[in-house]
Undergrad: 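Attaching a single structure in structure tokens format; questions to follow.
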Amino acid sequence: MTIMEDSILSTTGLCYSYQSGPFALRDVTLEISRGRKIAFLGPNGAGKSTLFLHFNGILRPKAGEVRYDGAPLKYDQGSLAALRQDVAIVLQNPDDQIFSSTVEEDVAFGPMNLDLPREEVEERVAEALALTGMSELRERPTQQLSFGQRKRVAIAGALAMRPKVLVMDEPTAGLDGHMVGEIMELTDKLNGQGMTIVISTHDVDMAYSWADSVHVLNRGRLVFSGTPEGFFNCPREVNAVKLVQPTMYEVNRLVMASLNLPEHPHPKTSSELLAKMSRCSPGRLFVQQNGSRSEGVPKHATAGIYGPMHRAAAATGELNVEYSYNGLEGCLGEVMLGRDALLVLDPGLKGQVMKRLDRLAKVFGRQIEVLWV
């Protein structure tokens with residue numbers, strides 16, 4: 001395999017088995033591109049978790065190799081310590097990862113083992129807790145946290161290492177809808193800052209709308225690598241690995257059939273479906289990064305939040321918004337219906353907004369007027 005220049009993680013002929021049992025991974029060859037959002041799909045027992053444990057050397061291949069930044073992994077103590085600063089893994093069950101008595105102690109554990117100055121450790125802990133919305137609970141005993149809060153502590157511990165690659169095994173499993181939204185907004189923000197994000201998930205709707213590329217495993221073998229569209233466009237391949245097509249696929253098929261319109265291009269979100277269907281001119285999208293409605297924004301504009309920075313203000317009523325979660329999608333839907341919308345944005349998410357607007361223009365021919373206020 002020729003390693004692409006933008007590949008940050010790759011495997012070649014990777015095989016692994018547990019204690020002389022059958023192979024859990026069989027001849028897995030893949031690449032993970034730098035600065036992208038990648039989802040791994042597959043049924044239970046497909047080998048996703050086992051593969052993830054190879055990415056930072058927790059497991060060592062029985063055959064084949066793993067490369068980071070173009071170089072084969074080395075398994076001596078010093079090399080693994082350096083690798084795990086760059087490639088952080090968040091396990092599916094946070095109780096397998098959290099062992100300190102308080103939140104801040106657990107988040108500080110990794111940086112402290114790097115022998116960093118105390119000031120830098122404190123800075124990293126504060127930064128990671130702020131990113132995950134756990135700052136107010138920093139002194140809370142970890143055994144008093146909810147399952148979702150423990151998930152966020154596990155993520156904060158990984159982020160405190162300031163990794164270049166964040167690998168998360170089923171990060172949204174067992175979470176309520178709002179917390180799922182918070183986790184996915186966090187991944188968008190980190191990716192906007194240049195971090196490569198790798199997740200495994202059974203949520204095909206989320207993977208379809210979120211990921212730049214997908215890798216699909218079945219019985220330890222890699223059966224697909226490519227774009228989400230490339231995989232879900234093939235129902236036979238989807239069914240073969242006991243998955244289903246995203247809900248938006250079926251909705252698009254039925255709606256387009258009723259309107260006698262082509263299924264292609266396939267929308268990933270409800271706002272993209274509206275972009276295909278609506279015949280009115282799009283409304284305007286006002287975007288601001290402060291927490292109060294700026295002058296020049298029409299009072300009738302529907303408001304939404306994208307990112308955690310201003311969510312507390314919305315919860316207390318200081319900032320009147322209709323979409324406290326999934327604000328980008330809500331605002332784009334309003335705009336596709338010809339209405340004005342205000343998006344209150346975290347600074348690190350500007351690139352993700354531009355990416356969505358670019359797709360609406362190029363794929364669906366819907367150019368939106370954006371006013372930064």
Side-chain angles (χ1 to χ4, degrees), residues 1-4 6-34 36-75 79-80 83-84 86-93 96 165-171 173 196-204 207-208 211-245:
M1 179 180 71
T2 301
I3 304 298
M4 297 174 60
D6 66 344
S7 174
I8 192 166
L9 273 171
S10 64
T11 68
T12 305
L14 180 62
C15 297
Y16 186 80
S17 61
Y18 291 97
Q19 297 181 347
S20 301
F23 277 106
L25 295 173
R26 305 167 184 263
D27 195 28
V28 175
T29 297
L30 59 81
E31 294 186 12
I32 292 174
S33 297
R34 190 185 312 274
R36 307 287 279 176
K37 298 187 294 186
I38 297 96
F40 279 78
L41 301 171
N44 288 330
K48 302 184 296 296
S49 298
T50 300
L51 178 62
F52 280 11
L53 294 177
H54 282 79
F55 286 159
N56 75 345
I58 294 175
L59 295 180
R60 187 169 182 171
K62 302 293 185 182
E65 69 176 8
V66 182
R67 288 176 172 260
Y68 172 69
D69 218 5
L73 297 197
K74 296 179 181 179
Y75 294 89
S79 297
L80 289 177
L83 173 68
R84 290 167 187 169
D86 284 356
V87 182
I89 292 183
V90 179
L91 303 176
Q92 180 175 349
N93 185 350
D96 293 335
V165 183
L166 180 64
V167 180
M168 296 192 287
D169 194 1
E170 294 280 354
T196 304
I197 309 293
V198 181
I199 69 168
S200 68
T201 184
H202 287 94
D203 187 339
V204 294
Y208 178 55
D212 297 314
S213 61
V214 298
H215 299 287
V216 184
L217 293 171
N218 189 33
R219 297 181 179 178
R221 296 187 183 276
L222 183 71
V223 297
F224 180 88
S225 289
T227 65
E229 297 92 330
F231 176 63
F232 290 113
N233 274 341
C234 302
R236 184 174 298 178
E237 290 188 18
V238 174
N239 292 332
V241 294
K242 299 179 182 179
L243 295 175
V244 297
Q245 287 183 303

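If you read the sequence from its start, that first residue is 1, and numbering goes on from there. Hydrogens, waters and symmetry mates play no part in the numbers below; they use all other heavy atoms, side chains included.
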Undergrad: Tell me every residue that passes side-chain hydrogen bond (donor to acceptor under 3.5 Å, both in side chains) with Gln92, counting only those two or more places apart in sequence or in another chain.
TA: none
Undergrad: Who pairs with Val204 by side-chain contact (heavy atoms from CB on, under 4.5 Å), at least two apart in sequence or on another chain?
TA: Phe232, Leu243, Val244
Undergrad: Please identify each residue that fulfils side-chain hydrogen bond (donor to acceptor under 3.5 Å, both in side chains) with Asn44, with sequence neighbours left out.
TA: His202
Undergrad: Looking only at atom types and distance, does a side-chain atom of Thr29 sit under 3.5 Å from a main-chain N or O of Gly13, one as donor and one as acceptor?
TA: yes
Undergrad: Between Phe52 and Phe40, how do the two ring planes meet: parallel, tilted or perpendicular, split at 30° and 60°?
TA: perpendicular
Undergrad: Scan for salt bridge (Lys or Arg N to Asp or Glu O under 4.0 Å) pairs involving residues 220-234, sequence neighbours excluded, and state none if there are none.
TA: Glu229-Lys268, Glu229-Arg359
Undergrad: State which residues pass salt bridge (Lys or Arg N to Asp or Glu O under 4.0 Å) with Asp27; sequence neighbours excluded, sorted by chain then number.
TA: none
Undergrad: Could you check if a side-chain atom of Ile58 sits within less than 4.5 angstrom of a side-chain atom of Arg84, using non-hydrogen atoms only?
TA: yes
Undergrad: I need the Met168 CE to Ile199 CD1 distance, nearest 0.5 Å.
TA: 6.5 Å
Undergrad: Residues in side-chain contact (heavy atoms from CB on, under 4.5 Å) with Phe23, at least two apart?
TA: Cys15, Ser17, Arg26
Undergrad: Can you name the side-chain hydrogen bond (donor to acceptor under 3.5 Å, both in side chains) partners of Glu65, sequence neighbours left out?
TA: Arg67
Undergrad: Looking at residues at least two apart in the chain, or sitting in another chain, which of them share a side-chain hydrogen bond (donor to acceptor under 3.5 Å, both in side chains) with Ser225?
TA: His215
Undergrad: Could I get the full list of side-chain contact (heavy atoms from CB on, under 4.5 Å) partners for Asp86, not counting sequence neighbours?
TA: Tyr68, Lys164
Undergrad: Does Ala207 offer a backbone N or O that forms a donor-acceptor pair with the side chain of Lys37 under 3.5 Å?
TA: no
Undergrad: Do any pairs count as a side chain to side chain donor-acceptor pair (under 3.5 Å) and have a residue in residues 49-58, sequence neighbours left out, and if so which ones?
TA: Tyr18-Thr50, Ser49-Asp169
Undergrad: Going by side-chain contact (heavy atoms from CB on, under 4.5 Å), name the residues that satisfy it together with Thr196, two or more places apart in sequence or in a different chain.
TA: Ile8, Ile32, Arg34, Ile38, Val165, Val198
Undergrad: Any side-chain heavy atom of Asn218 sitting closer than 4.5 Å to one from Pro43?
TA: yes
Undergrad: With the side chain counted from C-beta on, respond yes when Val90 and Pro171 share a heavy-atom pair under 4.5 Å apart, and no when they do not.
TA: no
